[in-house]
Number of protein chains: 2
Amino acid sequence: MTTRTRRSSRRSEALSRERIIEAAIELLDADGEAGLTFRVLTARLSTGPGAIYWHVANKGELLDAATESVVAAAVPLDPAGSARSPREEIRAVALGLFEAIDGHPWLATQLATQLSRSPWGSVTPRIFEGIGRQVRALGVPESGWFTSTSALVHYILGAAGQNAVNGRTAQPGVDRGEFLDAVSTAWEELDPDDYSFTRAVAGQLRDHDDREQFLAGIDLVLAGVTAIHPPDGQRR
Amino acid sequence: MTTRTRRSSRRSEALSRERIIEAAIELLDADGEAGLTFRVLTARLSTGPGAIYWHVANKGELLDAATESVVAAAVPLDPAGSARSPREEIRAVALGLFEAIDGHPWLATQLATQLSRSPWGSVTPRIFEGIGRQVRALGVPESGWFTSTSALVHYILGAAGQNAVNGRTAQPGVDRGEFLDAVSTAWEELDPDDYSFTRAVAGQLRDHDDREQFLAGIDLVLAGVTAIHPPDGQRR
DNA sequence: ACCTGAACACCGTTCAAGT
DNA sequence: ACCTGAACACCGTTCAAGT
């Protein structure tokens with residue numbers, strides 16, 4: 001009984017930066033980066049381009065805002081009942097991001113570019129903080145904070161992007177199973193001399209579970225963190 | 001005394017897929033992704049768009065080809081005198097990629113998108129193979145091959161992209177030192193309650209050396225690999 | 001202060017026509 | 001087989017004008 005499907009946005013309701021961002025996210029979710037166009041955006045909001053440019057500087061800023069909005073929702077900075085261990089907390093942050101990218105495939109590319117383009121924005125610090133606090137809580141000595149947190153964040157972004165984009169709708173309409181199967185088969189047909197390893201591992205690619213692998217990778221990096229920076233205090 | 005600057009390509013020399021890709025890379029290097037346009041490409045090669053479309057299906061394929069070309073040069077599959085240890089070899093592959101992205105900043109985004117868009121291409125297998133062989137040589141048991149190699153590759157792509165794009169010419173004309181300084185300062189001015197960790201680590205961000213950090217991260221992930229998958233045979 | 005919508009410069013791509 | 005170049009559909013953005 002809520003505002004029924006509103007394809008072209010209930011006439012009035014006043015334009016606002018928030019509504020624009022919201023509509024942009026819907027378009028991105030539906031048709032990827034190519035789906036976000038000022039023409040369809042103005043149609044959806046039933047305005048003209050000028051109205052949007054009043055609230056938003058340009059398309060880049062709109063994409064940044066959409067990214068920040070989604071990341072903020074996926075990675076809460078103040079975890080509610082923090083009865084979880086640092087390790088569990090890190091997995092939670094990572095999974096939050098993983099799932100966000102899974103639900104919004106355009107996020108992967110966006111994160112890759114935006115993170116480096118404008119690290120003054122709120123998204124890099126948010127992710128960094130979410131992971132870093134737990135690295136600190138883990139008892140890693142201060143000298144290892146930056147390296148450890150960076151390694152975790154880089155792994156998470158790389159893996160989440162990779163897996164998730166493969167996942168839901170890299171190209172809308174491709175089934176995950178078929179996709180992995182096709183890649184796996186392609187790997188098996190590589191030159192045996194040049195690609196002995198990749199061929200050997202094609203089967204593991206076909207059978208692997210994204211989420212499981214992703215978390216296994218986190219555990220692996222965490223093992224590296226504690227191996228190289230043995231916790232000084234804390235014992236769990 | 002070589003072919004002097006050839007701004008608009010010595011008239012003849014016949015068009016070919018290779019020459020097109022070569023020119024595309026030059027444009028990408030000079031002005032980033034926005035610099036590669038069919039108008040300027042045709043001008044540079046002194047032809048019409050139709051000629052290019054004869055050799056290349058579309059812009060996407062051109063970008064993919066440019067990426068493959070650069071990666072192939074940066075990550076040789078058959079390392080010459082392999083007197084190096086697996087660990088050194090992995091660092092070499094990673095540094096190759098790191099440097100490639102440093103010299104061709106557009107590569108970062110391209111790798112992030114292409115790796116997931118078309119893993120049947122030659123670039124994913126190449127990187128995977130380069131790292132994976134050494135994971136195998138390290139004595140990691142077969143059950144750990146896929147997870148370990150994935151973790152390394154994800155870290156490498158994430159970190160290399162991140163660092164390198166920050167590095168040379170994220171936006172042409174921004175000095176690396178000033179850039180890091182600005183970000184570091186921005187981090188120091190974050191809310192002390194919400195961002196205690198990020199603030200604490202701002203100094204380490206300012207002072208860190210890209211390459212050093214990058215390699216430290218690799219060592220960290222490698223430590224995780226050997227911690228979780230203790231080598232069964234091999235002893236170095 | 002906020003919105004309209006025609007207009008501008010530019011883009012990737014196509015295709016009939018040439019050689 | 002390979003190339004030419006005008007034309008098409010579409011894009012982000014601007015801006016004088018309205019309220």
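None of the values given here were measured: they were computed from a predicted structure. Residue numbering restarts at 1 for every chain, and letters A, B, ... go by the order of the sequence lines. Just so it is clear, the values below take in all heavy atoms, side chains as well, and ignore hydrogens, waters and symmetry mates.
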Q.
If I take atom CG in residue Asn58(B) and atom P in nucleotide dG12(C), what distance separates them, rounded to the nearest angstrom?
A. 11 Å

(Q) Once salt bridge (Lys or Arg N to Asp or Glu O under 4.0 Å) is applied, what residue pairs with a partner in residues 184-205 of chain B remain, sequence neighbours excluded? (A) Glu188(B)-Arg206(B)

**Q.** Test: Glu22(A) and Arg44(A) ion pair at under 4.0 Å
**A.** no

(Q) In this structure, how many angstroms lie between the P atom of dT13(D) and the CG atom of Leu41(A), rounded? (A) 12 Å

Q) Between Val40(A) and Ala57(A), which is nearer to the 5' end of DNA chain D once each is assigned its nearest nucleotide? A) Val40(A)

Q: Counting Watson-Crick and G-U wobble pairs whose two distances are both under 3.5 Å, find the runs of 3 or more in a row that involve DNA chain C.
A: C:4-8 with D:12-16, C:12-16 with D:4-8

Q. Between dC11(D) atom P and Asp31(A) atom CG, what is the distance in whole Å?
A. 12 Å

Q: Could you tell me whether the side chain of Arg19(B) and the main chain of Ala14(B) form a donor-acceptor pair under 3.5 Å?
A: yes

Q) Rounded to the nearest Å, what distance is computed from the CD atom of residue Glu33(A) to the P atom of nucleotide dC11(D)? A) 14 Å

**Q.** dA1(D) phosphate, OP1 or OP2, under 4.0 Å from His55(B) side-chain N/O
**A.** no

Q: Report the relative orientation of the aromatic rings in Phe128(A) and Phe146(A); use parallel for angles under 30°, tilted for 30 to 60°, perpendicular for over 60°.
A: tilted

Q | From Ile90(B) atom CD1 to Leu215(B) atom CG, the distance as rounded to the nearest 0.5 Å | A | 12.0 Å

(Q) So which atom in Arg17(B) and which in Ala65(B) form the shortest heavy-atom distance, rounded to 0.1 Å? (A) NH2-CB, 3.8 Å

(Q) I need the minimum non-hydrogen distance between Thr42(A) and Gly48(A), along with the two atoms involved. (A) CG2-C, 3.5 Å

Q.
Could you tell me how far apart Glu18(A) (CD) and dC2(C) (P) are, to the nearest whole angstrom?
A. 12 Å

Shorter than 3.5 Å, N or O on both sides, protein versus nucleotides 4-7 of chain C: list them out with atom names.
| unit_1 | atom_1 | unit_2 | atom_2 | d |
| --- | --- | --- | --- | --- |
| dT4(C) | OP2 | Gly48(A) | N | 3.4 |
| dG5(C) | O6 | Gly50(A) | N | 3.1 |

Q: Would you check if Thr149(A) and Gln134(A) make a side-chain contact, meaning some heavy-atom pair closer than 4.5 Å?
A: no

(Q) Please find the pair of heavy atoms, one from Ala100(A) and one from Ala74(A), that lie closest to each other, and give the distance. (A) CB-CB, 3.6 Å

(Q) Without decimals, in angstroms, what is the distance between Leu36(A) CG and dT13(D) P? (A) 11 Å

Q: Specify the separation, in whole Å, of atom OH of Tyr53(A) and atom C1' of dC11(D).
A: 10 Å

Q. For Trp54(A) and dC2(C), is the shortest distance between a side-chain N/O and OP1 or OP2 below 4.0 Å?
A. yes

Q: Using atom CG of Leu62(B) as one end and atom P of dC11(C) as the other, report the distance to the nearest whole Å.
A: 15 Å

